[in-house]
There are 2 protein chains.
Amino acid sequence: MTRAPTPELDDLDVRTLALREATRLFAERGVAGTSLQAVADAVGVSKPTLVYHFGSKDGLREAVLEQLLGHWQDELPRIMAAATAGGPRLEALLDALYAFFLEDRSRALLLLREALDRPDAFRALLRQHLTPWTGLLTQAMRAGQAAGMAHHKADPEAFVQILITTAIGVLAIGDRANALLSPEPSVDTQLSELTRIARAALHPHPQEA
Amino acid sequence: MTRAPTPELDDLDVRTLALREATRLFAERGVAGTSLQAVADAVGVSKPTLVYHFGSKDGLREAVLEQLLGHWQDELPRIMAAATAGGPRLEALLDALYAFFLEDRSRALLLLREALDRPDAFRALLRQHLTPWTGLLTQAMRAGQAAGMAHHKADPEAFVQILITTAIGVLAIGDRANALLSPEPSVDTQLSELTRIARAALHPHPQEA
DNA sequence: CCTACCGATCGGTAGG
DNA sequence: CCTACCGATCGGTAGG
């Protein structure tokens, strides 16, 4: 018995471990494709223990998503501060976006799956947590357009939308979809190209400035 | 009894109807989230009837995918011919890509779900059916680069990859992910902006030509 | 193409 | 945090 019998410590361990394993399994196989028993086995506890900690399978799913959004909430202020330090810098923003999702593949996979499986809940989740931040981006972009530093034909909302959609798409399935091409572009190469595309599409052609 | 009792006709009807309903349900809820009974109810037959026609649930899934890829195989030659008629035209290609997936939302959803749920099978499917065609695109793009008509910094494989990934991403979840922004960009607006981005990222800046 | 039915597994509860 | 167990549903088979 090297393990502390303190219930509070055990609680923390099981809950943390369960969140980690559920995140991994839900991302890989989807929520519908993952049984509570499969999570319980991965954690090394019984099925009712999971129900005790999270109320239900749906409670576990919500806890996993809340944890993901929590990470996001912690990082966003830091990212936005860094990116807008010397005026909004597109590259810094994209690099931060890439880094966040590269740190844990499950993040992009879970987001994409949630978008597919629960459209309404997904929309509500974005509205609640992220719309204020994207508003800052489009605002900065309009300012850039007014100053002639951003392409005047760009639609700020659609531009930001597409960049985020593409980044998450590449990070979630870039290693599968690249079977389309030969030779296969690595995820890193795809992200570099995305940055180049974004830059070219944002900055006005000199003769139009 | 207005319906013909001919078994062959009924066979065709049930199979066709089952494929249609399964496509819709698999796209909406995923394969794991759709029971054979749910498909049977939607078609109006019993569950064993589906097993008779498709062998198993997995057989039904494969039939749905084959039908999707079949459509693609029929349209691709037409698309490529139209797009390369007067030299490769980016806009024509993108419009054809958009049109194909807009015609039936399930197409983009199913592809995305398959990429998530069965990575290896998805890669094999792309390699088998689509890599030759994308090879034509990168080839045309390299020719454009050599002629100074396409941006020399672009990575052809990564560029094509990203355009397709983004188009499918927008068409599959553009109506959910746009809750990120306010006002929400419509899917049409997103596609227009994607075309603009692609054009700006492909064509070299004049001073570099 | 159906009814009847199979064993296995599902999410969740009772009770401790 | 467990064992024991619940009814419901799963994909699939038997037999016609």
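A note on names: the letters A, B, ... follow the listed sequences, proteins ahead of strands, and every chain is numbered from 1. Just so it is clear, the values below take in all heavy atoms, side chains as well, and ignore hydrogens, waters and symmetry mates.
Look at B:S46 and you won't find any side-chain N or O under 4.0 angstrom from OP1 or OP2 of C:dC1. Listed pair A:S35 / C:dT9 fails the phosphate criterion, with no side-chain N or O lying under 4.0 Å from OP1 or OP2.
Rounded to whole angstrom, the span from the OH atom of A:Y52 across to the C1' atom of C:dG15 amounts to 15 Å. Rounded to whole angstrom, the span from the CG atom of A:D58 across to the P atom of C:dC10 amounts to 17 Å. Following rounding to the nearest Å, A:H53 (NE2) and D:dC2 (C1') show an atom-to-atom distance of 12 Å. Following rounding to the nearest Å, A:L50 (CG) and C:dT13 (C1') show an atom-to-atom distance of 15 Å. Counting to the nearest Å, the P atom of D:dC1 and the CG atom of A:L17 are 10 Å from each other. One interatomic measurement links the two molecules: CG of A:L36 to C1' of D:dA8, which rounds to 15 Å at whole-angstrom precision. Here the P atom of nucleotide C:dC5 and the NZ atom of B:K47 are 14 Å apart, to the nearest Å.
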Assess the residue pair B:S106 and B:D104 against the criterion (side-chain hydrogen bond (donor to acceptor under 3.5 Å, both in side chains)); give the C-alpha distance rounded to whole Å, side-chain angles, the decisive distance to 0.1 Å, and a yes or no. CA-CA 5 Å; B:S106 303; B:D104 183 356; 3.2 Å; yes
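Both A:Q37 and B:V45 sit near DNA chain C, but only B:V45 has its closest nucleotide nearer the 5' end.
Searching all strands for a Watson-Crick or G-U wobble partner of C:dT3 with both distances below 3.5 Å returns D:dA14.
A cation-pi arrangement, defined by a distance under 6.0 Å to the six-membered ring centre and an angle within 45 degrees of its axis, is absent between B:R61 and B:F26.
Using a 4.0 Å cut-off between charged side-chain N and carboxylate O, B:R176 and A:E114 make no salt bridge. Ion pairing of B:R105 with B:D175 is present here, as a side-chain N (NZ or NE/NH1/NH2) and a carboxylate O approach within less than 4.0 Å.
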